[in-house]
Structure formats: C-alpha cells, structure tokens
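Report on the structure given below.
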Amino acid sequence: MLLSRGMTGPVLRFAPSPNGELHLGHALSALTGFEMARRLGGRLLLRIEDIDVNRTRPDYVQAIFEDLAWLGLEWEEPVLHQSQHFDDYRVAAEVLKRTGLLYPCYLTRAELRAFAIEHPELVDPDGAPRITRALLPLPPEEQIRRRAAGQPFAMRLDMARALEVLKEKTGSSELSFAELDADGRAIRRIRARPERWGDVIIVRKDIPASYHLAVVVDDARQGVTHVTRGLDLFAATDVHRLLQVLLDLPEPVYHHHRLIADATGRKLSKSARDTSLKALRAAGLTPHDIRRLIGLSS
C-alpha cells in the first residue's frame with residue numbers, strides 16, 4: 001500500500017535486507033516504526049538495504065512488499081534500494097579519505113581469525129576482532145607487497161584520528177545520541193563510545209560501503225528524523241553518530257526496541273531460518289495473530 005508524498009512531520013523508516021524471508025522480529029520492527037509514525041503524525045519510509053548484492057534476491061524483495069502489505073503497513077514510492085546508490089557511498093567515503101580518516105586493510109579472513117585467537121580480549125560489541133591501526137597484524141612491507149600485487153582491500157576508519165577530528169569539529173571528545181522511550185516522547189541522552197569498535201570497516205572489499213556508512217548516508221538523504229530499530233543495533237549507534245559528525249550529516253533521534261527471541265532466548269534471525277511471516281500466513285494466521293505473538297496490543 002502506498003502513501004502520497006507531500007506529508008510533513010517526523011520521518012521514520014523500516015529498512016530490511018532482502019537476504020531471507022521476514023520473521024516475527026521484522027514484524028515487530030516494522031509495526032513499531034509504523035505506529036510511532038502514526039502517533040507523531042509523521043511518515044514511514046521503506047528502504048531496501050541490498051548493498052550485499054551477492055546475498056540478495058529479487059524474490060525476497062517482492063516478499064518484503066507482500067508481507068508488509070499483509071500486515072497493513074503503508075509506505076511511499078519510490079522505495080530506495082541501496083544497490084542503486086553505490087556512487088553516493090563512494091562520494092562519502094572519499095570525503096573521509098581526503099580527511100585522512102580511512103586506510104586500506106589487506107587482512108584476509110584467515111588472518112582475522114588468527115588475530116582473534118591470539119587476542120581474545122580484543123573484540124568489538126558484535127564479537128568481531130577489534131582491529132586498530134596500531135595493532136594491525138601486517139608489517140608495512142607486506143602491505144606494500146599486497147598493494148603492488150593488486151590484492152583487494154577494505155577501508156577502515158582510523159578511530160584514533162576520527163576522535164581527534166570529532167574534538168576539532170565539536171570542541172569536545174564526548175559524543176552522545178538521543179534515545180526515545182516507547183511512546184516517542186521522553187528523550188534521554190546516552191553517551192556514545194565509538195572507540196570500543198576499533199577501526200571499523202567503512203568500505204568493504206567487494207562493495208563500496210559497509211552497513212555503517214550506507215545507513216547514515218541514506219538516513220540523511222531521506223530526511224529521517226527518527227530511527228526505530230532493534231536493540232541488537234544499539235551499540236552500532238556509537239559509530240553512526242561519529243560518522244554523522246565526520247560527514248556533517250544531521251542527527252536523528254533513536255528508539256531501540258526489544259527483540260523477539262525463541263524458547264531458548266536466541267534472537268530470531270533469517271540465517272537460522274526461523275519461521276517466516278510467509279509461512280505463518282500460509283498456516284492461516286492473521287495480522288491480528290502476529291500482533292498478539294509479538295506482544296503488541298490490537
């Protein structure tokens with residue numbers, strides 16, 4: 001279902017990745033954004049986060065539209081597809097590069113695994129190895145050799161330099177973000193700690209952006225004022241707020257909602273092939289049943 005353009009007020013978005021079928025966790029996220037937009041008198045946009053072109057499929061995109069329409073959600077056209085905006089991410093990355101904030105990283109997956117084994121204490125909030133330029137496990141001569149050989153590389157954010165630029169731009173080394181309560185009214189400021197992520201990847205080896213870069217560029221492009229998403233992305237807000245300052249992008253407010261878990265307490269995920277909305281619909285469940293299952297009032 002479509003909404004006409006021209007509406008004003010807060011702008012929210014639901015931004016799924018089409019690399020699997022939506023499940024109950026996605027239903028909670030989509031309905032949370034939809035209902036907050038309605039309470040605030042704003043708009044809900046749909047964005048297809050398909051930068052990982054090797055894992056996305058057109059049938060999953062179509063399934064997203066069908067699932068959301070079945071749930072009763074409405075959105076505007078055209079829907080933004082990240083895969084159509086790679087040039088914009090390249091421009092943003094170039095801004096960071098010109099400021100001396102990005103550097104190439106030639107580490108292979110095997111070398112990253114070895115680093116994780118050698119330094120189990122150095123992990124980021126997602127549990128991945130926390131790489132920093134000072135601890136980069138490749139000697140300079142090896143980096144030069146790999147560059148000369150044309151080996152693919154990722155671009156990492158030099159976090160130490162980024163924090164210096166943050167202080168230069170804002171006059172403070174402190175960074176925070178605004179977190180909304182469930183009603184979208186009460187706001188509290190939460191300290192962001194981007195340093196705990198180390199030198200995060202900003203440009204992937206095979207794609208001209210990481211999730212972190214693409215999401216802040218697109219939120220700014222679409223004029224998103226309120227970001228609603230799951231608690232599993234709470235820590236990522238550290239990096240997003242830093243990038244917003246570094247790229248002179250506007251700051252939205254955030255609401256991180258609860259997650260839907262299975263009987264063991266594990267967060268539902270597409271990779272684990274948890275029961276999809278499509279399968280629940282085929283089994284005879286109604287949108288009302290879905291709302292009940294995820295703990296939303298009718």
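All residue numbers in this chain count up from 1 along the given sequence.
Between the side chain of Gln84 and the backbone N or O of His81 there is no donor-acceptor pair closer than 3.5 Å. Between the Thr170 side chain and the Ser172 main chain, a donor and an acceptor come within less than 3.5 Å of each other. Judged by distance alone, with hydrogens and angles left aside, the side-chain atoms of Arg156 form a donor-acceptor pair with the main-chain N or O of Asp199 at under 3.5 Å. With hydrogens and angles ignored, the 3.5 Å screen pairs a side-chain donor or acceptor of Asp238 with a backbone N or O of Arg193. Looking only at distances, a side-chain donor or acceptor of His255 sits under 3.5 Å from a matching main-chain atom of Leu180.
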Anything under 3.5 Å between a donor and an acceptor, one on a side chain of residues 64-72, the other on a protein residue two or more places apart or in another chain? List them.
{"unit_1": "Glu66", "atom_1": "OE2", "unit_2": "Gln62", "atom_2": "NE2", "d": "3.4"}
{"unit_1": "Asp67", "atom_1": "OD1", "unit_2": "Arg281", "atom_2": "NH1", "d": "2.8"}
{"unit_1": "Asp67", "atom_1": "OD1", "unit_2": "Arg281", "atom_2": "NH2", "d": "3.3"}

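Residues Tyr106 and Gln151 come closest through the heavy atom pair O-NE2, 3.0 Å. Between Asp289 and Leu285, the closest heavy-atom pair is OD2-CA, 3.5 Å.
A donor atom on one side chain and an acceptor atom on the other are found under 3.5 Å apart for His257 and Ser29. Side-chain atoms of Tyr60 and Asp50 form no donor-acceptor pair, as typed in the model, at a separation below 3.5 Å. Arg241 and Gln244 share a side-chain donor-acceptor pair at under 3.5 Å. The closest side-chain donor-acceptor pair between Asp52 and Tyr211, if any, does not fall under 3.5 angstrom. Side-chain N/O atoms of Arg204 and Ser210 include no donor and acceptor closer than 3.5 Å. Side chain to side chain, Gln222 and Arg47 meet the donor-acceptor criterion of an N or O pair below 3.5 Å. With 3.5 Å as the limit, one finds a donor-acceptor pair spanning the side chains of Thr237 and His256.
Taking NZ of Lys167 as the start and CD of Glu174 as the end, the distance is 10.0 Å to the nearest 0.5 Å. The CG atom of Asp219 sits 11.5 Å away from atom CG of Leu243, with the distance rounded to the nearest 0.5 Å. The structure places CD of Glu94 at 8.5 Å from CG of Leu102, a figure rounded to the nearest 0.5 Å. Residue His240 holds its NE2 atom at 5.5 Å from CZ of Arg229, rounded to the nearest 0.5 Å.
A 6.0 Å sphere centred on NZ of Lys205 holds more than 12 heavy atoms belonging to other residues, nucleotides or ligands.
No side-chain heavy atom of Ile201 sits under 4.5 Å from any side-chain heavy atom of Leu157. Under the 4.5 Å side-chain criterion, counting only non-hydrogen atoms from C-beta, Leu246 is in contact with Val165. For the pair His85/Leu80, a side-chain contact is recorded, criterion being any heavy-atom separation below 4.5 Å from C-beta on. Side-chain contact between Leu277 and His23 is absent, with no heavy atoms from C-beta onward closer than 4.5 Å. Taking 4.5 Å as the limit, every side-chain heavy atom of Leu45 sits out of range of all side-chain heavy atoms of Leu12. Using a 4.5 Å cut-off on side-chain heavy atoms (C-beta onward), Pro208 and Phe86 make contact. A heavy-atom distance below 4.5 Å is not found between the side chains of Pro129 and His119. Annotation: side chain of Leu22 is not in contact with side chain of Lys278 (no heavy-atom distance under 4.5 Å).
Every residue two or more places apart in sequence or in another chain was checked for a salt bridge (charged side-chain N to carboxylate O under 4.0 Å, His left out) with Glu121, and none qualifies. Not a single side-chain hydrogen bond (donor to acceptor under 3.5 Å, both in side chains) links Asp181 to another residue, sequence neighbours left out.
Figure legend: Arg133 and Tyr103 shown as a cation-pi pair, the cationic atom lying under 6.0 angstrom from the six-membered ring centre and within 45 degrees of its axis.
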